[in-house]
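Residue numbering restarts at 1 for every chain, and letters A, B, ... go by the order of the sequence lines. The shown structure was predicted, so the numbers you read here are calculated from the model rather than taken from an experiment.
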Amino acid sequence: MKIQHLKAYVRVWLKLTIQQFQSQVANARGAAALFIFGKLFRLASALFLVYVVVGKAKLIAGYSLNQAIFLLMLFNLTQTISQLFLRGVYLFRQKVVDGTFDFYLLNPLSELFYSLFSSTDPLDIIVSMPYFFLVGWAWVNTGYAITLPVVLLLLVIIILSTLMVTAWHIVIIAVGVRYLEVDNTVMLYRDLERMGSFPVSIYGKFGENLLTYFFPFALMATIPAQLVFGLFNPWFLLLFALFAFIQLRLSLWFWHRSLLSYSSASS
Amino acid sequence: MQKYFSIFQITLQEIFTYRLNMIMWRVRQVFVFLIPFFIWKSVLGTGGEIYGYSFAAVMTYLFGTTILRSLVMGSRTVDLGWMINSGYLTIPLMRPLNTFGLFFVRDLADKLFNLGFMFLELPLIYFIFHPPIFLQFNPLQLFLAFSSVLFAILIYFFINVIFGSLAFWSRDVWAPRFLLMVIMEFATGAMFPLDMLPQVWQRVLAFTPFPYLLFIPLKIYLGSGASAPLQLLGSFVWLVILGSLAKIIWNKGIKSYEAEGR
């Protein structure tokens, strides 16, 4: 992709996101407040579950209560960031069914760009701000020092997990193109993703390997937490970079294959 | 009656039309059990108790909520908001049918579908994970539990009608529904038994309809907790309140319905 193309994509994305924000301000201010409250309530109830389970048991898979809370906060942050730009997935089926997707195909910009990134919710950006502070607070409570190299490595992990999450979302919408059904597939993905909010070793050896090497869910919380606790060798991130590259290439291949079977369902 | 039976059949056919979506939905229901299973196994699998619950007791509870969840919370009425906003509601309104009856029959079809698949999935979960199962043989307790589940189904139906009816006045029904889903996940006892909460939280929740959806029917079945007839009375009171509220909101909303988009 040439640099002037990238500029066009950024400009279009900004325009679409601003329009989305204007629409929210004009039509659904109350709904936005409910949405933010819902997200905070969900985080609070997950925190409560950790407190109920680990607070009494003292340890979960070798992690203390403070460490488990840090892991949950990390998961919450990486999940929010990685999905920040991918909201289009939730509206994708409707676009295929009502024919809007045909217009994406006619557009000079990539149809994949519109399918994934056209519905970025500005509220997610606002909601993610306090999550950084919550991660910092939980990190301090674990007693491990916050150092620049570790913070930079965490940033690398977030980028890698975002790439892998994007690859999985491409696969999900490719399934949508093929079968005109995507809603429960994406919700199943979200259910699986929730497994990452606890140390992945609790799911047994098979589950742990699946969530680490196949899905990006260990990369969303367990691995960054292990890195902070000095239990993870950062050189292994090169291996995950390779995984992210392979997954992204495979997902793009699957997407292009799926487009060949698209038959313009409705328009 | 024949026309309602036809709607029942058509709803089932609709569910089976989108097969991939249907399969994914069922796989999700298995994961609803698996995730908490592993969490509790990691802390109680080697023995001990938390808040008076052993691993076996928590598993019985989880197994029960998995069954009840499919039965009580399987619903098609969640589409009501979309039907109003898209104008699709016009079609059932023009038919010689009781609209609430139509929605409820569609819900029943969804529940039958869930129940049918549960008979396939539950033995699978049982043979893989061996969760302890408690079978209740006391006929009175069984009757009370059955009544409680019936009330739970109706309470959930009316909650959906109320939240769906918000679309008569607002284009955005997804945000309130999202908030409702998040609160229900916690307050129905789907995440963990509500008697693990501090007393004050339990008392606050007792003043909401949510524990009557999963937690209380299951406690009545297990024969534990407070007096079952009293809990059943609480359930009935919520049913009357929500049923009346749903009727009032619906009647008000239908007057402002403009069939936009049709």
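Only the backbone of V182(A) has a heavy atom closer than 4.5 Å to any heavy atom of chain B. If you measure heavy-atom distances from F198(A) to chain B, the contacts under 4.5 Å come from the side chain alone. In this structure, the portions of I183(B) lying under 4.5 Å from any heavy atom of chain A include both its backbone and its side chain. Using a 4.5 Å cut-off between heavy atoms, I39(B) touches chain A through backbone and side chain atoms alike.
The heavy-atom pair separating S45(A) from F186(B) by the smallest distance is CB-CD1, 3.6 Å. Nearest approach of W25(B) to N184(A), heavy atoms of both residues: CB-ND2, 3.3 Å. Shown here for T185(A) and N21(B), the closest heavy-atom pair between the two residues is N-OD1, 4.4 Å. Nearest heavy-atom pair across A175(B) and L34(A) is CB-CB, 4.2 Å. Residues I202(A) and S42(B) share a closest heavy-atom pair of CG2-CB, 3.6 Å.
Between atom CE of residue M24(B) and atom CG of residue L188(A) there is a gap of 6.0 Å, rounded to the nearest 0.5 Å. Interatomic distance, I36(A) CD1 to L179(B) CG, rounded to the nearest 0.5 Å: 12.0 Å.
Dense packing is recorded around CZ of F16(B), with more than 12 heavy atoms of other residues, nucleotides or ligands lying under 6.0 Å away. More than 12 heavy atoms of other residues, nucleotides or ligands shown are found within 6.0 angstrom of NZ on K111(B). F8(B) CZ: more than 12 foreign heavy atoms inside a 6.0 Å radius. Other residues, nucleotides and ligands place more than 12 heavy atoms under 6.0 Å from the CZ atom of R190(A).
Here the side chains of F178(B) and R42(A) are in contact, with some heavy-atom distance below 4.5 Å.
Both tests pass for R93(A) against the ring of Y18(B): distance under 6.0 Å to the centre and angle within 45° of the axis.
Between W201(B) and F48(A), the ring centre distance stays below 6.0 Å.
Ranked by heavy-atom pairs shorter than 4.5 Å toward chain A, the options Y51(B), F31(B), W40(B) are led by Y51(B). Note: L20(B) leads L34(B), I35(B), I50(B), L20(B) in heavy-atom pairs under 4.5 Å with chain A.
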